[in-house]
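Every chain is numbered from 1 and lettered A, B, ... according to where its sequence line falls, protein lines coming before strand lines.
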2 protein chains.
Amino acid sequence: MIKVVITEDNNTIREGLAALINGTPGYSCVGAFSECESFLAKIPTLPADVVLMDIGLPGMSGIDGIVKAKKMRPELNILMLTVYEDSQTVFKALCAGACGYLVKKTPPARLLDAIKDANDGGAPMSSLIARQVIDVFKQTQGKQNEEKDTELSSREKEVLTSLSDGNNYQEIADRLFISVDTVRHHIKNIYRKLHVHSQSEAVAKAIRKGII
Amino acid sequence: MIKVVITEDNNTIREGLAALINGTPGYSCVGAFSECESFLAKIPTLPADVVLMDIGLPGMSGIDGIVKAKKMRPELNILMLTVYEDSQTVFKALCAGACGYLVKKTPPARLLDAIKDANDGGAPMSSLIARQVIDVFKQTQGKQNEEKDTELSSREKEVLTSLSDGNNYQEIADRLFISVDTVRHHIKNIYRKLHVHSQSEAVAKAIRKGII
DNA sequence: GGAAAAACCACACACATGTGCGGTTTCCAA
DNA sequence: TTGGAAACCGCACATGTGTGTGGTTTTTCC
């Protein structure tokens, strides 16, 4: 039995969703609220698995509601309810902790599927938004794989990583079983390759480029 | 008419897919290869919209194939074909430029849907993988929004940012119109707040936490 | 088999940094 | 109105860092 909570200000939609959920075997609506505040107040005593949360709510926005709800109950699976698939809003909500979303006109069968999906650890969303997420994902994650232009040797990367962990030259030398002068040598080369002149700048550049 | 190319070493699967695609109105298989190399050689003359690419190929791996294919034709929509939903492999492929994937046992109807989806700019994938992508996405993207716990004052952030740009104490002092000793003082406080003891560690931590 | 690249080692010296201590002024909120 | 936080300033000293120079050995690749 999947226990669902609804937070949605439109009475018709809220009650319609509740009726659908309660009318389906295996699903149960354990709470329905018209704004975030009262939902958040009840969280501690709600045995919820999945939360359907409208984004455009009066008072506290659904995004802030997600953040606060996740703080209290990190294991909650929160699905946004939106009218349009505005990628910026969806992004923000995903970052806030939502695990997927539903457009409000989603047919009942798919809606129930999505709830089950979320409960099973999935992230139900349209493949259009998924594509946008992936595009951003690639930009940030992909760096580790490509970016062979600034080629640091693996040894140099080790040194730089150790440096970013707060080790000084002597400590790096001890860790890598080399002499301090060799560490110094590697760092000199790292500076040359990255076109920098200090530890901080090197570390900043390396992290931003995804090298370390 | 969606023009599809298949790269898959298993003859049965490859020919099955081709037959399915050619047998469906609106779809056409314009090429079928058993390994990356010959597919890549033909790319320039192939009017392809969507590519189905097996990951576990003999010779060049599907991942490398994706990278090369994308270099030649960035607008290609490439769908991976996998047996298992191994998240590491799928991640790599997404970073390489794939826009989604299909498990090989996908029923024909869903397979055709996915191809259409990819062609329309979507990213067909299971919501389980989508969830994993989002989790990583959150880690990297979300930082800018949350993370107010480690509160550096705005002045301290200025100092730290300047430091990460490669300035030394004197240069930071000049830029912010304060004395070197004050810079020193700020950095001392930054170290205390971030629990670090060197520039590099502070910069690394700050960037990773999204503070600067 | 020879060249290139990577990793290794060493010394010297000016300068930057990290850390200890001491302080003042200003501003905001309890 | 008072106490705390932020921003500011100053001094002293041990240690770390950046840069120059000179090398050797091992691995990798054509």
Side-chain angles (χ1 to χ4, degrees), chain A residues 144-212, chain B residues 37 59-61 64 68 147-209 211-212:
Chain A
Q144 280 141 26
N145 307 327
E146 9 161 347
E147 290 287 353
K148 280 167 190 162
D149 44 345
T150 51
E151 300 173 34
L152 295 189
S153 71
S154 59
R155 198 56 160 181
E156 285 161 351
K157 278 186 212 168
E158 284 182 298
V159 171
L160 196 50
T161 304
S162 198
L163 201 58
S164 75
D165 287 338
N167 298 307
N168 62 24
Y169 288 9
Q170 185 60 61
E171 287 164 340
I172 296 173
D174 293 346
R175 257 158 243 264
L176 301 183
F177 304 106
I178 57 180
S179 81
V180 180
D181 282 309
T182 303
V183 173
R184 212 183 276 276
H185 174 81
H186 285 309
I187 289 180
K188 234 184 297 186
N189 286 332
I190 292 169
Y191 288 176
R192 183 171 45 72
K193 290 183 184 177
L194 296 183
H195 308 289
V196 298
H197 303 280
S198 75
Q199 286 190 15
S200 304
E201 201 181 357
V203 168
K205 204 156 194 171
I207 292 179
R208 294 226 162 93
K209 285 196 166 231
I211 299 173
I212 59 172
Chain B
E37 288 79 354
M60 183 189 299
S61 87
D64 291 335
K68 288 192 200 303
E147 292 288 353
K148 282 166 191 163
D149 44 346
T150 52
E151 299 172 34
L152 295 189
S153 73
S154 58
R155 197 58 162 180
E156 286 161 351
K157 278 186 213 167
E158 285 181 297
V159 171
L160 197 50
T161 303
S162 197
L163 202 57
S164 75
D165 288 338
N167 298 306
N168 63 22
Y169 288 10
Q170 186 59 61
E171 287 164 340
I172 297 173
D174 293 346
R175 256 159 244 264
L176 300 182
F177 305 106
I178 56 180
S179 80
V180 180
D181 281 312
T182 302
V183 173
R184 212 183 277 277
H185 174 81
H186 285 308
I187 290 180
K188 237 183 296 186
N189 286 330
I190 292 168
Y191 288 176
R192 184 172 44 72
K193 290 185 183 176
L194 297 183
H195 307 291
V196 298
H197 304 280
S198 75
Q199 287 189 15
S200 305
E201 200 181 357
V203 168
K205 205 157 193 171
I207 293 179
R208 294 228 162 91
K209 285 195 166 230
I211 298 173
I212 58 171

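Here C:dC8 presents its P atom at 13 Å from CD1 of A:I172, a figure rounded to the nearest Å. Whole-Å rounding puts the A:I190 CD1 to C:dA6 P distance at 12 Å. Atom P of nucleotide C:dC21 and atom CG of B:N189 are separated by 14 Å, given to the nearest angstrom. Summarising the geometry, the separation between CD1 on A:I178 and P on C:dA6 is reported as 15 Å, rounded to the nearest angstrom. Atom pair B:R155:CZ and C:dC27:P shows a separation of 15 Å (rounding to whole Å applied). Taking atom CD on B:E201 and atom P on C:dT19, their separation rounds to 10 Å, with Å as the unit. We find that NZ of A:K188 is positioned 11 Å from C1' of C:dC11, with the value rounded to whole Å.
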Scan nucleotides 13-17 of chain D against the protein and return all N/O pairs shorter than 3.5 Å with their distances rounded to 0.1 Å.
residue, atom, partner, partner atom, Å
D:dT17, OP1, A:Q199, NE2, 3.1
D:dT17, OP2, A:Y169, N, 3.0

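The side chain of B:T182 contributes no N or O atom lying less than 4.0 Å from OP1 or OP2 of D:dA7. In terms of phosphate contacts, A:H185 brings no side-chain nitrogen or oxygen within less than 4.0 Å of OP1 or OP2 of D:dT19.
At a threshold of 4.0 angstrom between heavy atoms, the contacts of B:S200 with the nucleic acid are absent. Using a 4.0 Å heavy-atom cutoff across all strands shown, A:S179 reaches sugar-phosphate atoms only and no base atom. Using a 4.0 Å heavy-atom distance criterion, B:H186 is classed as a sugar-phosphate-only contact.
Side-chain contact between A:D181 and A:Y169 is absent, with no heavy-atom pair separated by less than 4.5 Å. Side-chain contact between A:E201 and B:L163: absent, with no pair of heavy atoms (C-beta onward) separated by less than 4.5 Å. You'll find the side chain of B:S61 reaches within 4.5 Å of the side chain of B:D64, heavy atoms only. A 4.5 Å side-chain heavy-atom check between A:K205 and A:R208 finds every atom pair outside the cut-off.
Put simply, CD1 on B:I178 and NE2 on B:H185 are 10.0 Å apart, with the number rounded to the nearest 0.5 Å. The OG1 atom of B:T182 lies 10.5 Å from the NZ atom of B:K188; values are rounded to the nearest 0.5 Å.
Of the candidate nucleotides C:dC8, D:dC11, C:dA10, D:dC11 has the atom nearest to the side chain of B:D181. Listed nucleotides C:dC21, C:dA10, C:dG18 differ in distance to B:I187; the shortest reach to its side chain belongs to C:dG18.
Using a 4.0 Å cut-off between charged side-chain N and carboxylate O, A:E156 and A:K193 make a salt bridge.
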